[in-house]
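Working notes for the structure below.
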Amino acid sequence: MRAEGTLIIGSGFMTHGMRSVTRDMVLHNRPPAWSSEFDAWVSEALARGDVDELAAWHDRAPGMPFAHPTPDHFTPLFITLGAADAADRTVRTTIDGFMMGFSRRSFQTLT
């Protein structure tokens with residue numbers, strides 16, 4: 001697909017703990033510690049190209065299990081990393097911040 005010039009897009013929020021939503025998150029966009037700490041951990045691992053650390057997210061990431069109570073919303077990260085020239089390629093963040101207290105982070109792999 002890469003040779004054909006296919007664009008691979010992974011989409012979604014970096015944290016997805018819908019069961020843990022609070023009034024402060026919704027009304028004031030105040031991220032709880034589990035959301036901001038998980039986002040920082042992922043951001044740092046992506047910046048280092050540390051796929052092994054990311055793969056251990058369930059056991060090593062701060063904010064668990066609130067940030068991702070199930071793996072289905074985190075595993076697409078690995079699809080997008082796998083589509084890069086090298087899975088351990090560092091990335092450039094293009095969008096970050098919080099919406100309703102959930103981390104949103106978009107990144108681009110660098111070639």
Which atom of Pro31 lies closest to which atom of Phe98, heavy atoms considered: CB-CD2, 3.6 Å
Can you name the closest pair of heavy atoms from Gly63 and Trp34 and give their distance? CA-CB, 3.5 Å
Give the cluster check for Leu54 versus Phe13: same hydrophobic cluster or not, with ILVMFWY residues linked at side-chain heavy-atom distances below 4.5 Å. no
Treat each ILVMFWY residue as a node, draw an edge where side-chain heavy atoms are under 4.5 Å apart, and state whether Met18 and Met64 are in one component. no
Single-linkage hydrophobic cluster Phe66~Val42, side-chain heavy atoms < 4.5 angstrom: no
Could you list the donor-acceptor pairs under 3.5 angstrom formed between side-chain atoms of residues 70-80 and any protein atom two or more places apart in sequence or on another chain?
{"residue": "Thr70", "atom": "OG1", "partner": "Asp72", "partner atom": "OD1", "Å": "2.4"}
{"residue": "Thr75", "atom": "OG1", "partner": "Pro71", "partner atom": "O", "Å": "3.3"}
{"residue": "Thr80", "atom": "OG1", "partner": "Leu77", "partner atom": "O", "Å": "2.7"}

Do Met14 and Met100 sit in one hydrophobic cluster, given that two such residues count as connected whenever their side-chain heavy atoms are within less than 4.5 Å of each other, even indirectly? no
Please report the closest heavy-atom contact between His16 and Pro69, naming both atoms and the distance. O-CD, 3.9 Å
Does some side-chain heavy atom of Leu81 sit less than 4.5 Å from a side-chain heavy atom of Val91? yes
To the nearest 0.5 Å, what is the distance between CZ on Arg105 and CG on Asp39? 4.0 Å
What I want to find out is whether Asp96 reaches Arg104 closely enough, with some N-O distance under 4.0 Å, to be called a salt bridge. no
Nearest 0.5 Å, please: how far is NE2 in His68 from NE2 in His58? 10.5 Å
Shortest non-hydrogen contact from Pro62 to Phe38? O-CD1, 3.3 Å
Between Ser35 and Thr15, is there a side-chain donor-acceptor contact under 3.5 Å, judged purely by atom types and distance? yes
Rounded to the nearest 0.5 Å, the CD atom of Glu53 sits from the CZ atom of Arg48 at a distance of 6.0 Å
Can you tell me how far apart OG1 (Thr94) and CZ (Phe107) are? Round to the nearest 0.5 Å. 9.0 Å
Could you tell me whether the side chain of Asp24 and the main chain of Arg30 form a donor-acceptor pair under 3.5 Å? no
Return the minimal non-hydrogen interatomic distance between Val21 and Phe102, and the atom names on each side. CG2-CZ, 3.4 Å
